Amino acid sequence: MKSLHYSTVVNASVEELFSYHEKDSALKRLVPPFDTVKLIHKEPGLNEGTKAHLQMKIGPFKKDWVSRHTSCDKPHGFEDEQVFGPFKSFKHTHKFVDAGSGTSEMIDEITFKNYGGFLGRWFLDRMVEKKLNRTFGYRHKTIKEDFKHFSKYDKTKKLNVLVSGASGFVGSYVCMFLNLCGHNVKRLVRKKSDSSSDVYWDVEKKEIENEKCEGMDAVIHLSGENVGSSLRWSKAKKDRIYNSRIDSTKFLVDTFNTLKQPPKKFLCTSAFGYYGVEREEELVESSEPGDSFLAKVCKDWEAAARAYTKGASIQMRFSVVMGLKGSILMKVVPVFKNYLGAILGKKVKYMSWISVDDVAYQIYHLIQSEMSGPVNFATTPITNQDFANILGGVLKRPVFCTIPEKILRILFGEMGEDLFLSSRKVIPKALNETNALISYPDFKEFLKHELGK
């Protein structure tokens, strides 16, 4: 029988830690993006007898893993054991201990036994221990950072928040974090639903369930056509990029301006494409816009958002959002792992970026702060060379070459200019001036966390 112990002090009470783990979205939040484990189903709560069904991928094979909560000592902890799965036995004990001054020690104790003889178990034990060390390193860091941001604001006030694009890469992280903070989250959905947390809307038909939109503390508008989902931008693709953003924003603004209890804040996505393709100076919120296709999209998008007059209007200018479950990392990490990593275009061009976790944290900051107008979402800019070399270093893979800009232009056309060949040093001046916390300002440290290295 092998035993492992993990411990972290978190800025939270034992009651808050228990409540965090008790929520339906906690397990999904705590499955690392680098892990091959997928949550299939979880029964609500942490009561004795409730089960969770996971699925593991081992090479080309899938293996089911069902665990059951065997005891619960609210708010001091709970235990779960494997009912069916890859281990001969597996027990996980969660403990929350008051550490004083509003903090708690979060303890995870694992005992497991693998199948096989002595040599087989010795080999498997080492492999499992390495995997669990990565998993619980990620989990403890994530919980600690979540509470670092949650504890900045009034914990007693429960907010009502409406989110569009909730099932997308960014939206799913935002909804998970707000839910784990204890706020009431509703989602704009394309199909009619009986759920009180779903709000039906159809931009083309100009239909929306107005009554479910009343009394929102904030609306977070994240939906829009994916700009990088095709090889090149055709005219039809560019039309979808433009119309999906401007039309939906105008429709929501027109709707909310007529409500009896309109949202206190309307947070609308924009992007650092606002500043054009290539700029040498540092770019703050007051910098002049560019003249590229995405710059025009962003200018018109922000103008549509500013038409909201019943509360604060905030335009969130996202840099490249980094995360293993979406955006650029999902595409390039497999390439680098297969020893095909390369620098795209000129080495000295700058990429502005922000982690997907920090996007969720900064949106929460905007909801809780007295802010309006454009807000840059970014951290320390890196060069194309830095991006490739740091990623290659973390993955322990060499970077063999540089792909010339001419080839990228031939392959991707105008899309390549805007997405791969641009150079922008975006500075989050508005966030810095309001003392926003950035959990992952360093690209290398972020990658080590996101990739479990």
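Keep in mind that this is a model prediction, so the values were computed, not measured. Just the heavy atoms: all of them, side chains too, but no hydrogens, waters or symmetry mates, feed the values below. One-based numbering along the sequence shown.
Residues passing the side-chain contact (heavy atoms from CB on, under 4.5 Å) test with Leu180, sequence neighbours excluded: Tyr20, Lys23, Ser25, Ala26, Arg29, Asp146. With sequence neighbours left out, Thr156 forms a side chain to side chain donor-acceptor pair (under 3.5 Å) with Asp154. Applying the salt bridge (Lys or Arg N to Asp or Glu O under 4.0 Å) rule to Glu405 yields the partners Lys349, Arg409; only residues at least two apart in sequence or on another chain are considered. The side-chain contact (heavy atoms from CB on, under 4.5 Å) test applied to Asp254 returns no partner, not counting sequence neighbours. With sequence neighbours excluded, the residues satisfying salt bridge (Lys or Arg N to Asp or Glu O under 4.0 Å) with Arg279 are Glu281. Partners of Tyr153 by side-chain contact (heavy atoms from CB on, under 4.5 Å), not counting sequence neighbours, listed by chain and number: Tyr364, His365, Gln368. When the side-chain contact (heavy atoms from CB on, under 4.5 Å) test is applied to Ala295, the partners found at least two apart in sequence or on another chain are Ser292. By the salt bridge (Lys or Arg N to Asp or Glu O under 4.0 Å) test, Lys155 pairs with Glu16, sequence neighbours left out. Legend: residues meeting side chain to side chain donor-acceptor pair (under 3.5 Å) with Lys131, ordered by chain and number and at least two apart, are Asp35. Contacts of Lys42 classified as salt bridge (Lys or Arg N to Asp or Glu O under 4.0 Å), with partners at least two apart in sequence or in another chain: none.
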Handout entry: Trace of the salt bridge (charged side-chain N to carboxylate O under 4.0 Å, His left out) decision for Glu214 with Lys260
Key = CA-CA 7 Å; Glu214 296 279 2; Lys260 295 178 181 178; over 6 Å; no
Handout entry: Stepwise salt bridge (charged side-chain N to carboxylate O under 4.0 Å, His left out) test for Glu278 and Arg424
Key = CA-CA 6 Å; Glu278 191 161 358; Arg424 292 166 288 219; over 6 Å; no
Exercise for the section: I would like to know whether Leu324 and Leu451 meet side chain to side chain contact (heavy atoms under 4.5 Å, CB included); could you show each step before the answer? Expected result: CA-CA 8 Å; Leu324 197 54; Leu451 301 175; 3.7 Å; yes
Practice task
I would like to know whether Tyr242 and Trp301 meet ring-ring contact (aromatic ring centres under 6.0 Å, His included); could you show each step before the answer?
Solution key: CA-CA 8 Å; Tyr242 183 91; Trp301 199 3; 9.8 Å; no
Exercise for the section: Evaluate the criterion ring-ring contact (aromatic ring centres under 6.0 Å, His included) for residue pair Trp353 and Phe446; output intermediate values, then yes/no. Expected result: CA-CA 11 Å; Trp353 69 281; Phe446 159 72; 5.6 Å; yes
Handout entry: Chi angles and distances behind the side chain to side chain donor-acceptor pair (under 3.5 Å) call for Glu105, Thr8
Key = CA-CA 6 Å; Glu105 184 180 11; Thr8 300; over 6 Å; no
Exercise for the section: Determine, step by step, whether Phe34 and His449 satisfy the ring-ring contact (aromatic ring centres under 6.0 Å, His included) criterion, reporting the C-alpha distance in whole Å, the side-chain angles of both residues, the deciding distance to 0.1 Å, and the verdict. Expected result: CA-CA 10 Å; Phe34 54 80; His449 169 71; 8.2 Å; no
Exercise for the section: Please assess Phe78 against His94 for the test ring-ring contact (aromatic ring centres under 6.0 Å, His included), listing each intermediate value before the final yes or no. Expected result: CA-CA 5 Å; Phe78 58 98; His94 309 250; 3.9 Å; yes
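In this pair, Phe169 and Tyr173 present their aromatic rings perpendicular. The plane angle is above 60°, beyond the 30 to 60° band.
Shown here for Asn11 and Ser151, the closest heavy-atom pair between the two residues is ND2-OG, 3.0 Å. Contact between Leu329 and Leu447 at its shortest, heavy atoms only, is CD1-CD2, 3.9 Å. Nearest approach of Glu285 to Asn376, heavy atoms of both residues: OE2-N, 2.8 Å. In this structure, Val199 and Lys212 approach most closely via the heavy-atom pair CG2-CB, 3.7 Å. Between Phe96 and Phe18 the shortest heavy-atom distance is CE1-CA, 3.8 Å. Closest heavy-atom contact between Gln362 and Leu437: NE2-O, 2.6 Å.
Within a 6.0 Å radius of NZ in Lys444, no more than 12 heavy atoms belonging to other residues, nucleotides or ligands are found. The local environment of NZ in Lys38 is sparse, with at most 12 non-hydrogen atoms from other residues, nucleotides or ligands closer than 6.0 Å. Within 6.0 Å of NZ in Lys152 there are more than 12 heavy atoms belonging to other residues, nucleotides or ligands. Heavy-atom contacts from other residues, nucleotides or ligands closer than 6.0 Å to NZ of Lys453 number more than 12. More than 12 heavy-atom neighbours from other residues, nucleotides or ligands sit within 6.0 angstrom of CD on Glu207.
Within the cation-pi definition used here (under 6.0 Å to the ring centroid, within 45° of the axis), Arg317 qualifies as a partner of Tyr274. In this structure, Lys192 forms a cation-pi arrangement with Tyr200, its terminal cationic atom sitting closer than 6.0 Å to the ring centre and no more than 45° off the ring axis.
At a threshold of 4.0 Å, the pair Asp239-Lys235 counts as salt-bridged, since one of the basic side-chain nitrogens sits closer than that to a carboxylate oxygen.
Ser195 and Ser197 share a donor-acceptor pair across their side chains, judged by distance under 3.5 Å alone. Side-chain polar atoms of His53 and Asp64 form a donor-acceptor pair below 3.5 angstrom. For the residue pair Asn47 and Thr50, no side-chain donor N or O sits within less than 3.5 Å of a side-chain acceptor on the partner. Remark: the Asp98 side chain and the His76 side chain contain no N/O donor-acceptor pair separated by less than 3.5 Å. Neither side chain, Asn384 nor Tyr350, offers a donor N or O lying under 3.5 Å from an acceptor on the other. When only modelled atom types and interatomic distance are considered, His149 and Ser439 share a side-chain donor-acceptor pair under 3.5 Å.
Checked options Phe150, Tyr440, Phe177; the residue passing with Tyr361 is Phe177 (criterion: ring-ring contact (aromatic ring centres under 6.0 Å, His included)). When each of Glu302, Arg245, Lys299, Gln315 is tested with Ser270 by the rule side chain to side chain donor-acceptor pair (under 3.5 Å), just one qualifies, namely Glu302.
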Kindly list each side-chain donor-acceptor pair under 3.5 angstrom involving residues 217-228, sequence neighbours excluded, with atom names and distances?
unit_1 : atom_1 : unit_2 : atom_2 : d
Asp217 : OD1    : Lys264 : NZ     : 3.2
Asp217 : OD2    : Asn160 : N      : 2.8
His221 : ND1    : Ser164 : OG     : 2.6
His221 : NE2    : Ser248 : OG     : 3.0
His221 : NE2    : Thr249 : OG1    : 3.3
Glu225 : OE2    : Lys237 : NZ     : 2.9
Glu225 : OE2    : Arg240 : NE     : 3.4
Asn226 : OD1    : Gly228 : N      : 2.9

Could you go through residues 425-432 and list every donor-acceptor pair under 3.5 Å that involves a side-chain atom there, pairing it with any protein atom two or more places apart or in another chain?
unit_1 : atom_1 : unit_2 : atom_2 : d
Lys425 : NZ     : Glu280 : O      : 3.3
Asn432 : ND2    : Pro428 : O      : 3.3

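Between the CZ atom in Phe136 and the CZ atom in Arg139 there is a gap of 4.5 Å [rounded to 0.5 Å].
When atom types are taken as modelled, the side chain of Arg187 and the backbone of Ala166 share no donor-acceptor pair closer than 3.5 angstrom. A side-chain donor-acceptor contact under 3.5 Å links Ser104 to the backbone of Ala12.
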